[in-house]
2 protein chains.
Amino acid sequence: MLRDLELGAVRVHILHHAARAPVYGSWMFEELRRHGYELSYGTLYPALHRMEEQGLLKREDRVEGGRVRKYYTATERGRAELERARRVIRELHREVVEGEGPDPG
Amino acid sequence: MLRDLELGAVRVHILHHAARAPVYGSWMFEELRRHGYELSYGTLYPALHRMEEQGLLKREDRVEGGRVRKYYTATERGRAELERARRVIRELHREVVEGEGPDPG
DNA sequence: GATACGGATATCGGTAAACGATATCAGGGG
DNA sequence: CCCCTGATATCGTTTACCGATATCCGTATC
């Protein structure tokens with residue numbers, strides 16, 4: 001039931017991290033696991049591809065330590081979308097977490 | 001891109017309201033609109049049905065002012081799921097809204 | 001320079017949900 | 001009894017998840 005929320009949160013986390021420093025798939029996978037988000041590579045990679053197609057991330061292929069990695073960084077459009085996401089989260093937090101008491105009317 | 005997040009938020013809002021007082025479809029529709037969530041009846045009603053099938057909501061048919069309405073109230077299971085959702089939202093808020101500065105390392 | 005290795009990335013088929021247009025339902029008034 | 005209206009339901013198309021499986025590509029070894 002909360003799966004949509006969690007998958008939405010996954011995308012926001014991706015943008016959040018990719019706005020700070022380049023990230024690649026399997027690192028992101030582990031980072032998300034550390035935060036309790038369980039998902040499949042069959043979900044993560046297509047999501048990264050879509051976000052690139054939509055212009056939210058830009059990809060840069062690198063070879064590091066003998067590994068081929070596709071690094072993703074948030075674009076301007078990605079940062080703007082992240083800001084939108086933050087507004088949604090702030091609103092949701094205010095509505096259902098802060099205001100937990102009985103119906104104010 | 002944020003659609004998943006928004007639809008997840010819609011479900012949380014439904015549980016949140018249905019835990020306070022019985023709600024019916026078109027009222028919930030308007031309430032969500034007031035909070036900026038755009039969605040279709042073809043999305044809302046099947047969602048309510050599913051949440052009932054999953055035991056998160058229980059339905060009670062009433063006639064009020066000559067209108068036939070299906071009122072939904074959160075079950076115990078629904079309240080438990082709402083608590084889970086609150087934890088996810090708190091975590092998400094802490095991670096991507098409160099900690100917005102540069103990478104802490 | 002051919003081959004095997006392993007981390008990283010890509011894909012496929014089955015399943016489920018969103019969406020919006022359209023249809024249906026049910027009580028009340030004329 | 002039939003239409004009006006608010007409310008609820010459904011259908012076909014499209015899109016995404018998911019995990020098992022396949023593929024890619026530097027590197028090491030010989």
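In what follows, every chain begins at residue 1, and chains take the letters A, B, ... in the order their sequences are listed. Scope of the values below: all heavy atoms of this structure, side chains included, with no hydrogens, waters or symmetry mates.
Whole-Å rounding puts the A:M51 CE to D:dC17 P distance at 11 Å. Computed from coordinates, the A:L44 CG to D:dA16 P distance equals 15 Å when rounded to whole Å.
A continuous path of Ile, Leu, Val, Met, Phe, Trp and Tyr side chains, each step under 4.5 Å between heavy atoms, connects A:Y24 with A:M28, placing both in one hydrophobic cluster.
The existence of a salt bridge linking A:R33 and A:E38 is confirmed by a sub-4.0 Å separation between a basic side-chain nitrogen and an acidic carboxylate oxygen.
Using modelled atom types, one finds no donor on one side chain facing an acceptor on the other under 3.5 Å when comparing B:E91 with A:Y37. For the 3.5 Å distance criterion, the side chains of A:E31 and A:H13 fail to qualify, holding no donor opposite an acceptor.
Put simply, B:Y45 has no side-chain N or O that comes within less than 4.0 Å of OP1 or OP2 on D:dA9. Taking only side-chain nitrogens and oxygens, B:R11 comes nearer than 4.0 Å to OP1 or OP2 of C:dA18. An OP1 or OP2 oxygen of C:dA18 is reached within less than 4.0 angstrom by no side-chain nitrogen or oxygen of B:S40. A sub-4.0 Å separation between OP1 or OP2 of D:dC18 and a side-chain N or O of A:R3 is present. OP1 and OP2 of D:dG26 both lie 4.0 Å or more from every side-chain N or O belonging to A:R69. Residue A:K70 places no side-chain N or O under 4.0 Å from the OP1 or OP2 atom of D:dC24. Close to C:dA18, at under 4.0 Å from its OP1 or OP2, lies a side-chain N or O of B:R50.
Here the nucleotide nearest the side chain of A:Y24, chosen from C:dT9, D:dT8, C:dA10, is C:dT9.
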CA sep, side-chain torsions, deciding dist, call: B:E64, B:R67, salt bridge (charged side-chain N to carboxylate O under 4.0 Å, His left out): CA-CA 5 Å; B:E64 271 180 13; B:R67 275 93 176 152; over 6 Å; no
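B:R62 comes within 4.0 angstrom of no nucleic acid atom, judged by non-hydrogen atoms across all strands. Backbone-only contact: A:G66 has heavy atoms under 4.0 Å from sugar-phosphate atoms and none from a base. At the heavy-atom level, B:L48 lies nowhere under 4.0 Å from the strands shown. Contact annotation for B:T43: base contact, defined as any heavy-atom pair under 4.0 Å involving a base atom.
Place A:L7 and B:Y71 on DNA chain D by their nearest nucleotides, and B:Y71 ends up nearer the 5' end.
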